[in-house]
Amino acid sequence: MAELVSDELWEQIETLLPPEPEPSPLGGRPRVTNRQAFTGVVFVLKTGIPWQALPTEMNCGSGSTCWRRFSEWTQLAVWSKLHQLLLSQLGKAGAINLERAVIDSASVRAVFGGRTPVRTRPIVRKPAVSVMC
């Protein structure tokens, strides 16, 4: 399988993530590293598989582990910071083609609704014959 997260990309991502905690003095199962969990998250998001279907052969921990890290990183706004970082780098490299950009109401809210091209016809009550007695 091709590497999902290159070393170069990981160096940039690692700065956005919280530091890994020290191992517990009580022992227990070793914690999955941030890089392993991130690779699992990228795989799930890229393929669209359910979290619980994450292959154990990938050595990314369980789907639950990756989902918990995804949730934790979402609360810490890691994804928006990563998006901003990558867009900045792509912009500096001249690798963004805005001719293919699309904005719709699912991604940007139309606060005031925009202009209405024609006046909306008023809706009036139409008298109809009742079949009820």
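Note: hydrogens, waters and symmetry copies are ignored here, and every other heavy atom, side chains too, is used. Counting begins at 1 with the first residue of the sequence.
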Nearest heavy-atom pair of I49 and V44: which atoms, and what distance?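 Closest approach of I49 to V44, heavy atoms only: O-CG1, 3.4 Å.
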
Atom of A37, atom of C66 and distance for their closest heavy-atom approach: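 Heavy-atom minimum between the residues: O-SG, 3.8 Å.
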
Excluding sequence neighbours, so at least two apart, what forms side-chain contact (heavy atoms from CB on, under 4.5 Å) with [X]?
| X | result |
| --- | --- |
| S64 | Q52, S62, R68 |
| T39 | L4, V5, R35, M58, C60 |
| T15 | none |

Once salt bridge (Lys or Arg N to Asp or Glu O under 4.0 Å) is applied, what residue pairs with a partner in residues 78-87 remain, sequence neighbours excluded?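 Passing the test, one end in residues 78-87: no pairs.
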
Using distance only, find each side-chain donor-acceptor pair of residues 86-99 under 3.5 Å and give its atom names and separation, not counting sequence neighbours.
residue : atom : partner : partner atom : Å
Q89     : OE1  : Q12     : NE2          : 3.4
Q89     : NE2  : Q12     : OE1          : 3.4
N97     : OD1  : E99     : N            : 3.1

How long is the gap from CZ on F38 to CG on L82, to the nearest 0.5 Å?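 Between atom CZ of F38 and atom CG of L82 there are 5.5 Å.
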
Quiz: residues 70-77 side-chain donor-acceptor pairs under 3.5 angstrom, not counting sequence neighbours:
residue : atom : partner : partner atom : Å
T74     : OG1  : F70     : O            : 2.7
T74     : OG1  : W79     : NE1          : 3.1

Acceptor/donor pairs from residues 17-31 side chains to any protein atom, 3.5 angstrom cut, sequence neighbours excluded:
residue : atom : partner : partner atom : Å
E20     : OE2  : N34     : N            : 2.9
S24     : OG   : L26     : N            : 3.2

Does L9 belong to the same Ile/Leu/Val/Met/Phe/Trp/Tyr cluster as F43, with side-chain heavy atoms less than 4.5 Å apart forming each link?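 Same hydrophobic cluster.
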
Can you establish whether the number of heavy atoms outside W67 located under 6.0 Å from its atom CH2 is more than 12?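 No.
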
Any donor-acceptor N or O pair under 3.5 Å, side chains T33, Q36: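 Their side chains do contain a donor-acceptor pair, which is all the 3.5 Å distance test asks for.
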
